[in-house]
Amino acid sequence: MASSSPSPPSYLTHLPLHPSHQGESEKRVEDDESRVPIHIVTAATQLPVEFLEPSPQSKLVIGFDCEGVDLCRKGTLCVMQLAFPDAVYLVDAIEGGEELIIACKPALESNYITKVIHDCKRDSEALYFQFGIKLNNVVDTQIAYSLIEEQEGRKRLRDDYISFVGLLADPRYCISYDEKEEVRVLLRQDPKFWTHRPLSEQMIRAAADDVRFLLYIYRQMMEKLNERSLWYLAVHGALYCRCFCLNSNNFADWPSLPSIPVDNLNADGNDLEEEILSVLDIPQGKMGLVIGKRGATILSIKRSCNAEILTGGPKGPPDKVFIIGPVKEVRKAEAMIRGRILDI
């Protein structure tokens, strides 16, 4: 892949290689053939031209993630990771500043670049409120995992999602990675871990590790997902990107959601339904009635509705409930939540 002028790499990492033919199950994670450079990026000229200037002639699929301090609308974005098939780029938001992140805006909003990410909600929120970037065209492996579970007959609650560590440990993906816990311990000890400069070797490797598996997992998942699930994946990825990005125009300036296909996806008799995001304002002091003791109330509502129900939690936004799902199920969840607020 052509690149403007990346700095000479000081570090290498391994990318799992997709099996070259059907029936080959071994994942070559640690051999020399899968070694790629890790580039530290402090200026836009160090990024691939194909990334900076998206076009239909050079569509890309990249692994994507962000690291920061309490990453959300106000938390500091420190590093943005991009995994290409032949290199990993660590975009240093602290050294490169706002100018560097804004240079990535066309790519992050482009339909021609697929961003593979695990749980995009907070990353999208940070990009939107801090840099005006509307993250678009994502494949969220957290959503994809649940869709595959459902395809294979293992029912889960709509928002009963797997962690990234759990995904890496799933034997169906045959990837073994044990170092993530070490980084999590460091983050608990030093919440400002990602702000330190220069980036240490441990920080570089931890950042690269969060994206180097994503392209392999993406290919594995794309082979499993049927056409119906692919539509849900696209819609839910778009709704997840919007989830915490509240604005005053009901997302009118965001890319439109994928429309319901008109082909044979309804052949099994279960029609596809429009999926929406609803945001409920909860009166101050009433959130406890919605959540209930040890989360019992909101869990009961989730079990009664085929919809995802999310709250802002400690990072906010406070006093709001976010509901994602089919229109009828979202309206049902809204009614139940309003009922709990009035049930004094």
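Residues: numbered from 1 along the sequence shown.
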[X] side, atom [atom1]; [Y] side, atom [atom2] - distance, nearest 0.5 Å:
| X | Y | atom1 | atom2 | answer |
| --- | --- | --- | --- | --- |
| Met336 | Ile323 | CE | CD1 | 10.5 Å |
| Glu125 | Leu135 | CD | CG | 12.5 Å |
| Glu273 | Ile260 | CD | CD1 | 8.0 Å |
| Asp319 | Thr311 | CG | OG1 | 10.5 Å |
| Cys241 | Lys115 | SG | NZ | 8.5 Å |
| Leu233 | Tyr240 | CG | OH | 11.5 Å |

Any ion pair linking [Y] and [X] (charged N to carboxylate O, less than 4.0 Å)?
| X | Y | answer |
| --- | --- | --- |
| Lys315 | Asp70 | no |
| Lys121 | Asp123 | no |
| Lys192 | Asp190 | no |

Can you name the nearest heavy-atom pair linking [X] to [Y], along with the distance?
| X | Y | result |
| --- | --- | --- |
| Leu47 | Cys104 | CD1-SG, 3.8 Å |
| Lys332 | Cys305 | CG-SG, 3.8 Å |
| Gly312 | Arg122 | O-NH2, 2.6 Å |
| Ala234 | Pro258 | CB-CG, 3.9 Å |
| Leu257 | Ala238 | CD2-CB, 3.5 Å |
| Pro106 | Ile102 | CD-O, 3.8 Å |

Going by heavy atoms in the side chains, are [X] and [Y] under 4.5 Å from each other?
| X | Y | value |
| --- | --- | --- |
| Ile40 | Ile204 | yes |
| Met222 | Val61 | no |
| Val91 | Leu100 | yes |
| Arg154 | Ser146 | no |
| Lys105 | Phe131 | no |
| Tyr232 | Glu275 | yes |
| Thr297 | Ile301 | yes |
| Leu108 | Lys134 | no |

Side-chain ([X]) to main-chain ([Y]) donor-acceptor, under 3.5 angstrom:
| X | Y | result |
| --- | --- | --- |
| Glu152 | Glu149 | no |
| Glu109 | Ile133 | no |
| Ser110 | Tyr112 | yes |
| Gln81 | Tyr89 | no |
| Asn250 | Ala252 | no |
| Gln46 | Thr42 | yes |
| Glu67 | Leu77 | no |
| Asp140 | Cys120 | yes |
| Asn137 | Ile113 | yes |
| Arg205 | Leu12 | yes |

Exercise. Could you give me the CA-CA distance, side-chain angles and deciding distance for Asn247 and Asp253, then say whether side chain to side chain contact (heavy atoms under 4.5 Å, CB included) is met?
Key: CA-CA 10 Å; Asn247 63 16; Asp253 55 340; 3.4 Å; yes
Self-check item: side chain to side chain donor-acceptor pair (under 3.5 Å) between Glu50 and Ser58, intermediate numbers included
Solution: CA-CA 7 Å; Glu50 296 92 332; Ser58 56; over 6 Å; no
Quiz prompt | Ser278/Arg331 under side chain to side chain contact (heavy atoms under 4.5 Å, CB included): CA gap, chis, key distance, verdict | solution = CA-CA 9 Å; Ser278 173; Arg331 300 303 177 224; 4.3 Å; yes
Quiz item: Going through the checks in order, is the side chain to side chain donor-acceptor pair (under 3.5 Å) test met by Asp210 and His118?
Solution: CA-CA 9 Å; Asp210 273 359; His118 191 85; over 6 Å; no
Practice problem: Could you walk me through whether Glu274 and Lys328 pass the side chain to side chain contact (heavy atoms under 4.5 Å, CB included) test, one step at a time? | Solution: CA-CA 9 Å; Glu274 179 187 5; Lys328 290 181 180 178; over 6 Å; no
Quiz item: Is the number of heavy atoms from other residues, nucleotides or ligands within 6.0 Å of NZ (Lys224) greater than 12?
Solution: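 Yes.
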Quiz item: With a distance cut-off below 6.0 Å to the six-membered ring centre and an angular limit of 45° from the axis, does Arg73 pair with Phe244 as a cation-pi contact?
Solution: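 No, cation not above the ring by the 6.0 Å, 45° rule.
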Quiz prompt | In one Ile/Leu/Val/Met/Phe/Trp/Tyr side-chain cluster, 4.5 Å: Phe129, Val69 | solution =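 Unlinked, Phe129 and Val69 end up in two clusters.
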Quiz item: Would Leu199 end up clustered with Ile94 when hydrophobic side chains under 4.5 Å apart are linked, directly or stepwise?
Solution: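 No: no chain of side-chain contacts under 4.5 Å links Leu199 to Ile94.
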Exercise. Decide side chain to side chain contact (heavy atoms under 4.5 Å, CB included) for Glu308 and Tyr161; before the verdict, give the C-alpha distance in whole Å, the side-chain angles of both, and the deciding distance to 0.1 Å.
Key: CA-CA 10 Å; Glu308 299 175 52; Tyr161 282 126; 3.3 Å; yes
